[in-house]
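Some notes on the structure that comes next.
These figures come from a predicted structure and were not determined experimentally.
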Amino acid sequence: MTIRVCEAMNAPVGRLSDRTVCEANGGVLPRQVLIDADGCPVVDLTLQIAKRFGVPVIILCDTAHQIEREGAQTLVFDKGSDSVDFALVNRVKPGDIVVTQDYGLASMCLAKCARVLNQNGLEYTADNIDALMLRRYENKKLLRAGKHPKGSPKRTKEQDVRFADTLEKILNKKY
C-alpha cells in the first residue's frame, strides 16, 4: 500500500474501501463549519460554539427545510435526492468541519480531509466509517424485507453535551 500525505492537513492518507481518507488533522485551523441541516438538531448549538471560536458556519438545506440563522450563511438547494449532500461535498475543503447524520456524506467528506461529526458527538473516522456504512446497508436490507426498526428516542441533554464537547475539542485542537 502506498502512503500519501494530505498536504493541506500534513497528515498520512490511507486507503479505506477504495476511498482516500485522512487519518489526522495535523494542526490545520478549521476553515469553516458546514452543516447538513436537513433534520439536524444541533444547528443553534453549532452556531454558538463556532461563534466563540470565530469560525464561520455555512448551513446547507433544501427548499423543504429552509433554515435561516443570524451569524451563518444559508445555502438552499432544490429538493431532491442527495442534492444538499452533493452541494456540501463540492464545497468542503481540507480542515473544514462537517456536521451530518449521513454516513455516505461523512465518507465523502473524510475523503476530502475534513473532520466530520454527527449530532451526538461521534466523530466519523477511517477507523469507524466502514462499520457504520455496513450498518446502514444492513438496515436498508431489513427495510426492504418489511422490517421497520424502532424510531429514534427523544433527544437528550447528554447528547447535546457530547456534541458540544466533541466540537469544542476539534476547534481547540485537543482531539
Seminar exercise, completed: Looking only at heavy atoms, the pair that brings Ala106 and Ile129 closest together is CB-CD1, 4.1 Å

Problem set entry | Spacing of NZ belonging to Lys147 relative to NZ belonging to Lys141, to within rounding of 0.5 Å | 11.0 Å

Problem set entry | Pairing residues for Arg69 by the side chain to side chain donor-acceptor pair (under 3.5 Å) criterion, not counting sequence neighbours | Asp44

For this session: Could you walk me through whether Ile97 and Leu171 pass the side-chain contact (heavy atoms from CB on, under 4.5 Å) test, one step at a time?
Result: CA-CA 9 Å; Ile97 298 170; Leu171 290 169; 3.5 Å; yes

Exercise. So, are Asp96 and Arg31 salt-bridged, with charged N and O less than 4.0 Å apart?
Worked result: yes

For this session: Could you tell me whether the side chain of Lys112 and the main chain of Val89 form a donor-acceptor pair under 3.5 Å?
Result: yes

Exercise. Do Arg115 and Glu123 have side chains that get closer than 4.5 Å, going by heavy atoms?
Worked result: yes

For this session: Output yes when a side-chain donor or acceptor of Ser107 lies under 3.5 Å from a complementary backbone atom of Tyr103, and no otherwise.
Result: no

Problem set entry | Distance, nearest 0.5 Å, that separates CD of Gln66 from NZ of Lys79 | 11.5 Å

Problem set entry | Note, Leu122 side chain near Leu132 side chain (heavy atom, < 4.5 Å) | yes

Problem set entry | Side-chain donor or acceptor of Thr166 paired with backbone N/O of Arg162 under 3.5 Å | yes

For this session: Could you tell me whether the side chain of Ser83 and the main chain of Phe77 form a donor-acceptor pair under 3.5 Å?
Result: no

Exercise. Do Phe53 and Val42 share a hydrophobic cluster (ILVMFWY, side-chain heavy atoms under 4.5 Å, transitive)?
Worked result: yes

Problem set entry | Where Arg155 and Pro41 come nearest, the two heavy atoms and their spacing | CD-CB, 3.7 Å

Problem set entry | Heavy-atom pair with the smallest gap, counting every atom of Gln32 and Arg91 | NE2-O, 3.9 Å

Exercise. Of all heavy-atom pairs between Leu60 and Ala87, which one has the smallest distance, and what is that distance?
Worked result: CD2-C, 4.1 Å

Exercise. What are the two closest heavy atoms between Ala72 and Ile59, and how far apart are they?
Worked result: CB-CD1, 3.8 Å

Exercise. Do Leu167 and Thr46 touch side chain to side chain, with heavy atoms closer than 4.5 Å?
Worked result: yes

Exercise. Residues two or more places apart in sequence or in another chain: which of them pass side chain to side chain donor-acceptor pair (under 3.5 Å) with Asn128?
Worked result: none

For this session: State plainly whether the residues Arg135 and Glu138 are in salt-bridge range, i.e. N to O under 4.0 Å.
Result: no

For this session: Enter the distance from Glu158:CD to Asp165:CG here, rounded to the nearest 0.5 Å.
Result: 13.0 Å

Exercise. Is there a path from Val76 to Val33 through hydrophobic residues (I, L, V, M, F, W, Y) whose side chains come within less than 4.5 Å of each other?
Worked result: no

Exercise. Do side-chain atoms of Thr74 reach the backbone of Ile67 as a donor and acceptor pair under 3.5 angstrom?
Worked result: yes

For this session: Give me the other members of the hydrophobic cluster that Leu134 sits in, counting Ile, Leu, Val, Met, Phe, Trp and Tyr linked by side-chain heavy atoms under 4.5 Å, directly or via other members.
Result: Tyr137

Seminar exercise, completed: Distance col, row Gln119:CD vs Ile35:CD1, nearest 0.5 angstrom, shows 12.0 Å

Problem set entry | Chi angles and distances behind the side-chain contact (heavy atoms from CB on, under 4.5 Å) call for Phe163, Leu45 | CA-CA 9 Å; Phe163 173 81; Leu45 184 55; 3.7 Å; yes

Exercise. Can you list the steps and then say if Asp78 with Asp62 is a side-chain contact (heavy atoms from CB on, under 4.5 Å)?
Worked result: CA-CA 6 Å; Asp78 288 337; Asp62 66 27; over 6 Å; no

Seminar exercise, completed: From the list Val84, Leu117, Leu88, Asp36, side chain to side chain contact (heavy atoms under 4.5 Å, CB included) with Thr100 holds only for Asp36

Exercise. Hey, are Arg52 and Glu168 close enough for a salt bridge, meaning a charged N less than 4.0 Å from a carboxylate O?
Worked result: yes

Problem set entry | Atom of Leu47, atom of Gly71 and distance for their closest heavy-atom approach | CD2-O, 4.0 Å

Exercise. Measuring from Asn120:CG to Gln159:CD, what's the distance to the nearest 0.5 Å?
Worked result: 4.0 Å

Problem set entry | Side-chain (Asn90) to main-chain (Phe86) donor-acceptor, under 3.5 angstrom | yes

Problem set entry | No-hydrogen, no-angle side-chain donor-acceptor test under 3.5 Å, Gln101 and Asn118 | no

